[in-house]
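First listed ligand is number 1; within each ligand, the first listed atom is number 1.
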Amino acid sequence: MSLSEMNSAESMNEAAASRLDELAAIEVGRRGFLKGASLAALGVAAGVGLPRAASAQAPAAPPAAAAPAAPAPFNFPGKDPGLVSLGDNPLNVETPAAMLDDDTTPASKFFIRTHGINPEMPADPDAWQIVIDGEVDNPLTITLGELKSRYENVTYRMVLECAGNWRSFFVPAASGNQWTTGGVGCAEWTGVRLRDVLNDARPKASAIYTAHYAADRHLSGEADRQALSRGVPIAKAMDEYSLIVWAMNGEPLPSINGGPVRLLYPGFPGSASEKWIQRIQLREVVHDGSGMTGLSYKLPINPVVPGTPAADIDPATFAIIENMPVKSLITSPAHGTTISGNRIELRGAAWDGEDEVASVDVSIDGGVTWQPVDLQAPRNKYDWRRWTASVEVPAPGYYEVRSRATDSNGRSQSIVPTNWNPSGYGGNSIRQVAVLVTA
Ligand SMILES: Nc1nc2c(c(=O)[nH]1)N[C@H]1C(S)=C(S)[C@@H](COP(=O)(O)O)O[C@H]1N2
Ligand SMILES: [Mo]
């Protein structure tokens, strides 16, 4: 064997080991749900709990000498211990793809994104007050109890997704919480249309933007500083799906997800959906609160060189994100599952911002060939579309299964992370799960 042959044989073995390592990492790393002894039989090191194990773009980490402990179970009242915390202060928690397998995401599995010091649930939620003021002829103060009884109550199942979801796949790394794919959920939200309430306040013609103020405090503890105070164009506030909500899946909205009452602007970055809402001011200018300035929640108008420091970028060359990109996930089987037989039964979800999911395709050969899935109808606009597919595998072995959604405008998910930006917003590159098929 020549030296070059030896080298390539060696690197192939290394690659195979890393791939299987990724499988093992997920199988035993996340709370030890070991599915079978087959990987151990293959001599795969267990428990390399890489948070980025699902990233095909990131180089796989070399096998660890000693298996690190599995991440501690997430411990929060009402939340599933299988959620993965990205940080405690502020608290940010994501949902592994295999835990997004329910048609409607239960509150217990719904991700958490906070910026500051979170308020507690008041003793009497219905006494919670919301002020509508600013560019209106009739400023209002309304309690949650009045909201419930005065306006038509509506329920829609809609996706809420953090603009930084998928951030961890950017190369070079973008700054912020390293969300993999779990900064998203799709729940049934009950509330009233924001426009019904705003119309009672009689917006002036000069009102072009909302400004949201909430009960959470800035991490600094400074009393007047908002943890997050974003807004949306008035047209979005007047959209029939823009809501003030107090219930999630028919239950009172959990405090950590904004209870007793929050805004919900589906299709927009999650940050617009202010939790613990206390005041909605209408403004004659684009709001400039916390999370509206600099490069926050903005994307480059023209592509920037990956790795450009934020300090070197003029915010005027970036635009506020108003539409989330099309995405899909495989929610079953879990990444790293071993199955037997000659078919892989897949389940997943696909969703979009302001546009609609038109089709989803899956591939087991790295995108050489694709086949369509069975796509369920959305219940309403902004709902995700659940899908299933039964994929035949030609032979036992190792497979990476990918899904790719395409929207009504013909836009699809990117092959690799694209439109790099320092804060890592807007990533929607094709994801995959690894599956080991035994005879
Ligand atoms: N008051 C307040 N509202 C907020 C936030 C916050 O930190 N404070 N985070 C926002 C962001 S960035 C997102 S993605 C969503 C997350 O909602 P969730 O925690 O219910 O999943 O809430 C938004 N609303
Ligand atoms: Mo977010």
Going by atom type alone, with no hydrogens or angles, which donor-acceptor pairs under 3.5 Å involve a side-chain atom of residues 299-321 and a protein atom two or more places apart or on another chain?
{"residue": "Thr308", "atom": "OG1", "partner": "Val305", "partner atom": "O", "Å": "2.5"}
{"residue": "Asp314", "atom": "OD1", "partner": "Ala316", "partner atom": "N", "Å": "2.9"}
{"residue": "Thr317", "atom": "OG1", "partner": "Asp314", "partner atom": "O", "Å": "2.7"}

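- Closer than 4.0 angstrom to ligand 1 sit non-hydrogen atoms from Phe110, Phe111, Ile112, Arg113, Thr114, His115, Leu160, Cys162, Ala214, Asp216, Leu228, Asn257, Arg262, Gly270, Ser271, Ser273, Glu274, Lys275, Trp276, Tyr297.
- Aromatic ring pairs are classed by plane angle as parallel below 30°, tilted from 30° to 60° and perpendicular above 60°; the pair Tyr156 and Tyr241 is tilted.
- Remark: Glu354 engages Lys236 in a salt bridge (charged side-chain N to carboxylate O under 4.0 Å, His left out) (not counting sequence neighbours).
- Glu120 is linked by a salt bridge (charged side-chain N to carboxylate O under 4.0 Å, His left out) to nothing, counting only residues two or more places apart in sequence or in another chain.
- Each of Asp133, Leu194, Val131 was scored for a side-chain contact (heavy atoms from CB on, under 4.5 Å) with Ile280, with one residue passing: Leu194.
- Taking the side chain as every heavy atom from C-beta outward, Ile130 and Leu147 approach each other to under 4.5 Å.
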